[in-house]
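Below is one structure, written out as structure tokens; comments come after it.
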There are 2 protein chains.
Amino acid sequence: MDTLTVEQIAERIWLSIADRRLRPGTRLKEAELAEVFGVSRARIRQVLATLEREGLVVIESNKGAVVAKPSVADAKDIFHIRAAVEQRVLERLFTELDATKLVEMFEHVAKERIANHNNNQRDIIKLSGGFHVMLAEMAEAEFLCGLMRDLVSRTSLIMAAFRDTNLHNCGPDEHEQILLHLKNRDLEAAKQAMVHHLEHVESALNLLQDRAPPKSLREALA
Amino acid sequence: MDTLTVEQIAERIWLSIADRRLRPGTRLKEAELAEVFGVSRARIRQVLATLEREGLVVIESNKGAVVAKPSVADAKDIFHIRAAVEQRVLERLFTELDATKLVEMFEHVAKERIANHNNNQRDIIKLSGGFHVMLAEMAEAEFLCGLMRDLVSRTSLIMAAFRDTNLHNCGPDEHEQILLHLKNRDLEAAKQAMVHHLEHVESALNLLQDRAPPKSLREALA
DNA sequence: GGCCTCAATATTGTTGACAATATAGTCGAC
DNA sequence: GTCGACTATATTGTCAACAATATTGAGGCC
């Protein structure tokens, strides 16, 4: 077996955070991770830096990395900004779209459907996030693409932290709906469907009270 | 002298890119930078990774880092998203504002004014970007804060790439105008002033033709 | 002369050992 | 017994040597 790349390890950790096997606050020791993944500490260091920029972990100097605990305020900000980015992506995509891309996109949704049917949580997470990244990639907008990756990662963390049910109930139907509007060349309808989709995801969260960011024991026990 | 930190070196390089001493496409060799700043290559590597995430450099595997060449499309996307983020920041700031913060903010603008008067390009760049980051910090919204840092960096690069004049003519007046609206507790006016400010900055750019991303010599000489 | 191969060089990527720092536990004074 | 200082341990941070890869230039063949 070849050694794992930074991206592969980052994805594995991302998925573990997203499906709640790594809870917010969990300490991520470099040596431990290095052993688990069979790579050197230097590479783990790169991985942790990557995860930090994606907002999945917080690194404190001389202290190490822990899984981030997003605040409710952050969660709301992220959804707010994400709505703006997704709409911008759709606008760009609208001018870059062709038949080949459309086919590929519908195929992606088909995969989502299969994963949903098999109830494979990891695939569901990977594919439903991947849908949005794919839109950005096909829009051929480099900046939006990178931003979307970050936002999707952060959204995964938020869902892990604030979702009550384990079910990832936002199925592929809403994704397909967006594609159908694009196929019909109706940009406004696509944007509206996207906004609705994001609102649906957000509404599945329990963002009423701020149970997330104790940050310190003092706050947690106040 | 103590050795420079990653942040300090990253800022130095950022400023050099922003005031066009480092042009887009310039190769950044690790050994060279290590010698210039008197630090080990390992630290330079961290710096380059930081700059990459901020969109200032592009790193290709086994090839090294070069100063990024933003495309016109990216530039427009960045301004578009930035407008959304800045407005969100103002909304959050509006609820967190107090007299102390207001004083500090006006003091910042005063520093901008001095830098402008002295025509100190580096200070002008640092302070006028810093104004927007400061707003995000005072809004106490962690996610928006990180995002704003990235957007400010990317905007600096865009201005270096697309601005025709050397003059950083968007003076502190527009910043002050935003603060005055905040002081008057008029959120909508503040947001409008911010949008106007960003449009002003963008309008100083030459985004008509895509002269930016040759990407390869072949394209540049076509 | 044009083109391919191959060696020489320059540059990035990786590793393991070592230093610096923080954490946890222990001992002693009071 | 409680508090504080101190030691031992665990963990992160740094570095310099080495390996892998890409670039450049020279030589030879057609």
Side-chain angles (χ1 to χ4, degrees), chain A residues 1-13 16-17 22-54 56-69 214-221, chain B residues 1-13 16-17 22-54 56-69 214-221:
Chain A
M1 181 193 88
D2 237 6
T3 82
L4 297 164
T5 69
V6 171
E7 288 76 23
Q8 290 170 330
I9 298 172
E11 182 179 271
R12 293 260 303 260
I13 296 180
S16 290
I17 292 174
L22 283 174
R23 295 305 199 103
T26 306
R27 179 94 179 274
L28 300 174
K29 295 181 209 170
E30 296 180 355
E32 211 170 318
L33 294 172
E35 201 191 338
V36 168
F37 292 108
V39 300
S40 71
R41 257 186 63 215
R43 190 164 298 188
I44 292 297
R45 230 141 202 294
Q46 294 180 56
V47 171
L48 292 175
T50 302
L51 294 173
E52 188 191 30
R53 117 175 139 229
E54 291 173 349
L56 292 180
V57 311
V58 174
I59 298 178
E60 233 176 322
S61 203
N62 287 322
K63 292 275 203 71
V66 300
V67 178
K69 311 179 186 185
K215 274 181 177 172
S216 69
L217 262 185
R218 189 178 312 163
E219 279 187 63
L221 301 174
Chain B
M1 181 191 88
D2 237 8
T3 81
L4 297 164
T5 69
V6 171
E7 289 74 23
Q8 290 169 329
I9 298 172
E11 183 178 89
R12 294 260 302 258
I13 296 180
S16 290
I17 292 175
L22 283 174
R23 296 304 197 103
T26 305
R27 179 94 179 274
L28 299 175
K29 293 181 212 172
E30 295 180 355
E32 213 170 320
L33 294 173
E35 202 191 337
V36 168
F37 292 109
V39 301
S40 70
R41 258 185 61 215
R43 189 165 298 187
I44 292 297
R45 226 141 208 295
Q46 293 180 58
V47 171
L48 292 175
T50 303
L51 295 173
E52 186 190 30
R53 123 176 132 227
E54 290 173 350
L56 293 180
V57 311
V58 174
I59 299 178
E60 234 177 321
S61 201
N62 288 321
K63 293 273 202 74
V66 300
V67 178
K69 310 178 187 186
K215 275 181 176 170
S216 67
L217 262 184
R218 190 177 312 161
E219 278 185 65
L221 301 173

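A, B, ... follow the sequence lines: proteins, then strands. Residue 1 opens every chain. Just so it is clear, the values below take in all heavy atoms, side chains as well, and ignore hydrogens, waters and symmetry mates.
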Heavy-atom closest pair, residues [X] and [Y]:
{"X": "A:L4", "Y": "A:V39", "value": "O-CG1, 4.1 Å"}
{"X": "A:L33", "Y": "A:L28", "value": "CD1-CB, 4.0 Å"}
{"X": "A:V67", "Y": "A:R23", "value": "CB-O, 3.5 Å"}

Sequence-aligned protein contact record of nucleotides 10-23 of chain D, with B where the base is within under 4.0 Å of a protein heavy atom and S where only the sugar-phosphate is: -SBBSB-----SSS
Test item: B:R45 and B:L48 side chains (from C-beta on) under 4.5 Å apart, heavy atoms: no
Enclosure of A:E35 CD (heavy-atom neighbours >12, cutoff 6.0 Å):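 No - once you tally the heavy atoms of other residues, nucleotides and ligands closer than 6.0 Å, there are 12 at most.
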